Amino acid sequence: MFLTDYKEEKYNNTFESIYGYLKRQKEDSNNYSVRDLEKFLESLYANEGNNWTGRGEHKEISLAATIAAAEVFLTEWKNELEKN
């Protein structure tokens, strides 16, 4: 049970941290664009596929949460742009 709680907490903390970072980037930088976020996601996807040395479970959780946060934020940003 403890290990499952740790993994969930690690995932949630990473997700919230990355989501908050991306939100600040968008709000604080006039130069940060949807394309920049898409490039960031592309690099994360490439990194996800490059596990030939073995990252370990801790890093896998962090990467999965980072990708999820970026995907959610990108979707929300695109939806916001479509409404305007």
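Predicted model, so just to flag it, every value in this text is computed and none were measured.
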Nearest non-hydrogen partners of A70 and L44, listed with the distance: CB-CD1, 4.4 Å
same_hphob_cluster(L74, Y45) at 4.5 Å side-chain heavy-atom cutoff: yes
E76 with K23: basic N within carboxylate O range, under 4.0 Å: no
Interatomic spacing from NE2 in H58 to OH in Y6 - rounded to 0.5 Å: 4.5 Å
Inter-residue atom distance R24.CZ - K26.NZ, 0.5 Å rounding: 14.0 Å
Under-4.0 Å salt bridge between E42 and K39: no
Residue pair V72 / Y19: nearest heavy atoms and the distance that separates them: CG1-CE1, 4.1 Å
Interatomic distance, Q25 atom CD to Y21 atom OH [nearest 0.5 angstrom]: 3.5 Å
Closest non-hydrogen atom pair between I67 and L41, with its separation: O-CD2, 4.0 Å
For E48 against L63, the heavy-atom pair lying closest together: CA-CD2, 3.5 Å
Aromatic plane relationship, Y32 with W77 - under 30° parallel, 30 to 60° tilted, over 60° perpendicular: parallel
Spacing of L22 atom CG and D36 atom CG [to the nearest 0.5 Å]: 11.0 Å
N30, CG: over 12 other non-hydrogen atoms inside 6.0 angstrom: no
Any donor-acceptor N/O pair, T66 side chain to S62 backbone, under 3.5 Å: yes
Nearest-0.5 Å distance that lies between atom NZ in K10 and atom OG1 in T14: 4.0 Å
